[in-house]
2 protein chains.
Amino acid sequence: MRDDPTQSDQTDGEVARYPQTGRFLMGRGRTRMTPEERRVLEDTAMAVKDYPARHHLVRRGEPVDSSMMLIEGYVTRYMDDREGYRQLVSVHVPGDFVDLHGFPTGRLDHDIGTLGPVKVALFDHQALVGITERHPTLTRFLWFATLIDAAMHREWIFRLGRLGAEGRLAHLFCELYARLEMVGLAQDGQFDLPLTQPDLAEACGLTGVHVNRTLRTLRERGLLTFKNGRVEILDHRGLCTTAEFNSDYLYSDCGVWKTS
Amino acid sequence: MRDDPTQSDQTDGEVARYPQTGRFLMGRGRTRMTPEERRVLEDTAMAVKDYPARHHLVRRGEPVDSSMMLIEGYVTRYMDDREGYRQLVSVHVPGDFVDLHGFPTGRLDHDIGTLGPVKVALFDHQALVGITERHPTLTRFLWFATLIDAAMHREWIFRLGRLGAEGRLAHLFCELYARLEMVGLAQDGQFDLPLTQPDLAEACGLTGVHVNRTLRTLRERGLLTFKNGRVEILDHRGLCTTAEFNSDYLYSDCGVWKTS
DNA sequence: CGGAGGTTTGAGAGGCGTCAACCTCCGTGG
DNA sequence: CCACGGAGGTTGACGCCTCTCAAACCTCCG
């Protein structure tokens, strides 16, 4: 559990010092934030809340006056089509400032819900206005965080537009592993992912049935297994190739997945 | 040419006063920017440059120290897959701050190129730092602008994940009409669009051949025509239905396309 | 023990891709 | 003035990937 001294210790120490925001931008230039900026951000968090699995957090269109940073668990953002079929537009991991974009926009154009049980920290928008007035550098870090989301959106567009079923699933697993690894929540190609096969289908523009067949193919090719909410990557080189995955878009500064 | 007094006059007056940035956030809360903020932004523009059609503007990965606002013409952002097939991730119209996201991030995760001939205004990142230090409200407007791009990305994910060929093309045309109409560059369901059928295919995750067949279907259904870079929407209600289009995500404050 | 949700597998249909041919348009150059 | 070439548009034949519909099975849990 503590075999990896450098990464895990660094992660744990930071999370101990900043229990609510310790994973924010970790692996992406968090180290370039000053201790004061980290402290200001941590102290801006208002309340910590827990929510159960499969719980609605924000509905499309409703005005928002606070934003959530994810501390533990997984959250997804999604949109429904006319017949009620979902399309996930993002999956969030601890350290993500899930709906910070609601601060400049004032409302959201999509729904937000939990996957597994989660813990989030709330940030009042009034307090964020204070940050933009007194801490321009920290403001640019926050802005940057919302732009990483945009970069991931672009990659999802690429995935849906240009890859087949195998590539789409492989790409999703590559992305999640890279992101979880950055915040110290994945090691040795393994990580938890509280998704069902229909959930994966909604993320990849496929049907549950076809996801099932495609997962079998990936398993038979020796690339990965996915069972009971646990992902085990067996051949990450091969998985990256199938996914046409290049982690540049994650703006990581410690990437082990630089597979240009 | 000047049949629409309200919209066109408003547009023209604003563009006369702010020749480089007059269309920025037009139809999206530009009116909530103070005259001083508009002036500061206009005066921050360094140089105006012209580029020919089908010209590379920025390459993936290279460091950037300035950003472009589009004044005239069309620009696209795109990514290439392993075999060189493109996926467009956005199409930009005048008033768009095309690569403002390069300011907080310092580099881009995709390529940018012109479609037709364009005119752009350059903004030095050093000058933008100055804005974040002295104009927090204007900073939030700039941030907001980058988040509209993210909202459009999400809608593109939905389009590719959940719609068939007809819906994808219809959705793209709905979006472009709504955006061009906001900045005074589309009326009566008509607008210019310097794209080929293969270009549309790259935007919609289809092949050129299938785009051709699908355009014919849309034409036969009496929804729209697309010929020689000119779009004519014949039945926008029907087009919106086919596209499952709802313009909320464009954050317009004057939308005629509110088709919940 | 029974039911619900998720997983797995099969059979058949359809949407979109691939390959190929031919067309028009238009700029270039002999 | 006409020949030529290239890019984009159009249409047809065929095949594959993915969807749809269906049923069986499995596991968890009340």
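Order of the sequence lines fixes the chain letters, A, B, ..., with proteins taken first and strands second; residue numbering starts at 1 for each chain. For clarity, every value in this text was computed on a predicted model and none was experimentally measured.
Residues satisfying the ring-ring contact (aromatic ring centres under 6.0 Å, His included) test with A:Y78, not counting sequence neighbours, are none. In this view, B:K119 and B:V48, B:D50, B:I71, B:E72 satisfy the side-chain contact (heavy atoms from CB on, under 4.5 Å) rule, not counting sequence neighbours. Partners of A:D99 according to the side-chain contact (heavy atoms from CB on, under 4.5 Å) rule, which considers only residues two or more places apart in sequence or in another chain, are A:V58, A:S67, A:M68, A:H101, A:L108, A:I112. Every residue two or more places apart in sequence or in another chain that forms a salt bridge (Lys or Arg N to Asp or Glu O under 4.0 Å) with B:R54 is listed here: B:D199. Considering only residues two or more places apart in sequence or on other chains, B:V15 meets the side-chain contact (heavy atoms from CB on, under 4.5 Å) condition with B:T11, B:R23. The side-chain contact (heavy atoms from CB on, under 4.5 Å) search around A:E220 returns A:R216, not counting sequence neighbours.
The shortest distance between the side-chain N/O atoms of A:N212 and the OP1/OP2 oxygens of C:dT8 is below 4.0 Å.
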Indicate every side-chain donor-acceptor pair of residues 200-215 of chain B with a distance under 3.5 Å to a residue at least two apart or in another chain.
from: B:T207; atom 1: OG1; to: B:H210; atom 2: N; distance (Å): 3.3
from: B:N212; atom 1: ND2; to: B:Q197; atom 2: OE1; distance (Å): 2.9
from: B:T214; atom 1: OG1; to: B:H210; atom 2: O; distance (Å): 2.7

What pairs of donor and acceptor atoms, side-chain ones from residues 221-231 of chain A against any protein atom, are under 3.5 angstrom apart with sequence neighbours left out?
from: A:R221; atom 1: NH1; to: A:E166; atom 2: OE1; distance (Å): 2.4
from: A:R221; atom 1: NH2; to: A:T242; atom 2: OG1; distance (Å): 3.1
from: A:R230; atom 1: NH1; to: A:D192; atom 2: OD1; distance (Å): 3.0
from: A:R230; atom 1: NH2; to: A:Q190; atom 2: OE1; distance (Å): 3.1

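The stretch residues 155-170 of chain A touches DNA chain D through A:G164, A:A165, each having a heavy atom within less than 4.0 Å of the strand. At a non-hydrogen distance threshold of 4.0 Å, A:G205, A:L206, A:T207 from residues 190-208 of chain A come into contact with DNA chain D.
The span of DNA chain D lying next to chain B, judged by atoms under 4.0 Å from heavy atoms, is bounded 5' to 3' by D:dG8 to D:dA13.
Looking at B:R159, its side chain never comes within 3.5 Å of a backbone N or O of B:G167 through a donor-acceptor pair. Checked by atom type and distance alone, the side chain of B:T114 pairs as donor or acceptor with a backbone atom of B:P52 at under 3.5 Å. Of the possible donor and acceptor atoms, one in the side chain of B:D96 sits under 3.5 Å from a partner among the backbone N and O of B:V93.
Comparing B:V209 and A:N228 along DNA chain D, the residue whose closest nucleotide (by nearest heavy atom) sits nearer the 5' end is B:V209.
Using a 4.0 Å heavy-atom distance criterion, B:R216 is classed as a sugar-phosphate-only contact.
Looking at A:R213, its side chain comes within 3.5 Å of the base of C:dG10 through a donor and an acceptor atom.
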Worksheet item: Which string of ( ) [ ] | and . matches DNA chain D, if you list each base 5' to 3' and count Watson-Crick or G-U pairs only when both distances are under 3.5 Å?
Response: ||||||||||||||||||||||||||||||
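There is no side-chain donor-acceptor pair under 3.5 Å between B:R60 and B:H110.
Closest heavy-atom contact between A:D109 and B:A151: OD2-CB, 3.6 Å.
In this structure, B:H210 atom NE2 and C:dT18 atom C1' are separated by 13 Å, rounded to whole Å.
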